[in-house]
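Structure first, then comments.
Atoms within a ligand are numbered from 1 in the order they appear, just like the ligands themselves. Please read all numbers here as calculations on a predicted model, not as lab measurements. Both backbone and side-chain heavy atoms feed into the values below; hydrogens, waters and symmetry mates do not.
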Amino acid sequence: MANVNENFFDLKNSHVFETVLKKKNEYLEKNPNCKLIHLGIGDVTLPLTNSVINAMHKAVDELGKKETFRGYGLVPGYDFLRKKISEYEYQKRGIDISSNEIFIADGTKNDAGNIIDLFSENNIVAITDPVYPVYRDTNIMFGRHKIIYLECTEKNNFIPQLPKEKVDMIYLCCPNNPTGSVLKTKDLQKWVNYAKENNSIILYDSVYESFITEPDVPHSIYEIEGAKDVAIEFRSFSKLAGFTGVRCSFMVIPNEVNLYNKSNEKVKIQNLWLRRQSSKFGGVSYITQRGAEAIYSEEGMQEVHNNVKYYLENGKYIKTELKKIGFTVYGGTNSPYLWVKVPKGETSWGFFDKLLNEANVITTPGSGFGKCGEGFIRITSFGSKEESKEAIRRIAKVVNVD
Ligand code: PLP
């Protein structure tokens, strides 16, 4: 008899975005002519930039000729892309990360879910609450049930505090989804020191790195002393270059970072990852990697940063206007996300429904990210300027914040 992986029954019934989508579709069925504005799901809306498109077209042409055709690629990624990442994302910032410490993949969602194969199921995991649900769900599916939640609330400025108990795997997301908060150097140094003292590993998700605007927010965890011994960093082209549908990401696994075997001997994470990927991953397409490479030129960088600037300006506008209406709003300065407190007496889902039904604006209920998300909704700045303006106009009409 083929038995089910019982861990799946420990997952919540449905993902928050599935419920949001269901509610949206039900509303549209009843009101087919309604023009909903979607400021919920964190997907980009601006198209790929010229440098990326041109590079991809060229790559397609190369694959169409016998002399330049390529078959299977390299599992860790092509050197041309790994070298550019090392140079532009790290060396230019004075961070010592070499191309052989960079591993290309098809999205941070996948990387964050896949890396956990390397860790023992007995490890204790620390995740924040609220949290990007992938960290929690993938560990539960794997059968790793010892999860410690680090509460991030208004009281601690949404900054995760060190746990009292010893944990082995620590997920940090900065800039944060969903709260938009950031960890400054002193916050991150505490976590790196903790990880060194406890032989833990930090899984540092920095897919929103390009949204950092404040000078005292590190762009990489490797700016922190000692981080190369204890941290793996996840980065993605999704939000940086509009690759949410194209799919390309990278993970930094420093030479120094290790796990421990039963005899307390060090095992290099790089070797384990390569072993895993060789069996389970076919690499990212040549066309995609050439497209990603194209952002690493003066022009390519300028184009993607213009797009990020556009989203940040939207965020600034939405935040300012929501505050004028009377809302308490967090995030938005280093992030595409605004973490908005719902009016007194409302719940996250109740307020989501109100905005859907009365303002025809879709948001994401904070409680979908964990119990500490209750009382908030997440609004994204990924819409167009016009949509953001119209959303504010509609919200102002129907909401009365005390
Ligand atoms: N990590 C965080 C914190 C995210 O919010 C998202 C997407 O919204 C991802 C990872 C997924 O990134 P990718 O598109 O590279 O899979």
For ligand 1, find out whether one of its N or O atoms is nearer than 3.5 Å to an N or O atom of [X].
X	result
S249	no
T244	no
Y135	no

In terms of residue, atom name and distance, what is the protein heavy atom nearest to [atom]?
atom	result
atom 1 (N) of ligand 1	D205 OD2, 2.6 Å
atom 14 (O) of ligand 1	S238 OG, 2.6 Å
atom 9 (C) of ligand 1	Y132 OH, 3.2 Å
atom 7 (C) of ligand 1	K239 NZ, 3.2 Å

Would you mind listing which atoms of ligand 1 come within a distance below 4.0 Å of any non-hydrogen atom of [X]?
X	answer
C173	3 (C)
S236	13 (P), 15 (O)
N177	3 (C), 4 (C), 5 (O)
R247	13 (P), 14 (O), 16 (O)

For [Y], is there an ion pair with [X] - N to carboxylate O distance below 4.0 angstrom?
X	Y	answer
E390	R393	yes
K239	E209	no
K324	E321	yes
D187	K184	no

- Query: Under 3.5 Å, is there a donor-acceptor pair between the Q189 and N193 side chains?
  - Reply: yes
- Going by heavy atoms, is Y208 under 4.0 Å from ligand 1?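 Flag set, Y208 near ligand 1.
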- Is there a heavy atom of Y171 sitting under 4.0 angstrom from any atom of ligand 1?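 In this structure, Y171 fails to qualify as a contact of ligand 1 - no heavy atom is under 4.0 Å.
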- Item | Within 45° cone of F103 ring axis and under 6.0 Å: R82 NZ or CZ |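 Yes; both conditions hold, so R82 lies above the ring face of F103.
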- Query: Is K24 positioned over the aromatic face of Y27, cation under 6.0 angstrom from the ring centre and no more than 45 degrees off axis?
  - Reply: no
- Message: Before you tell me yes or no, could you show the steps for E89 and I95 under side chain to side chain contact (heavy atoms under 4.5 Å, CB included), namely the whole-Å CA-CA distance, both residues' side-chain angles and the distance that decides it to 0.1 Å?
- Response: CA-CA 8 Å; E89 303 286 3; I95 305 166; over 6 Å; no
- Task: Give the intermediate values and the outcome of salt bridge (charged side-chain N to carboxylate O under 4.0 Å, His left out) for residues E293 and R290.
- Result: CA-CA 5 Å; E293 183 203 18; R290 279 295 186 201; 2.9 Å; yes
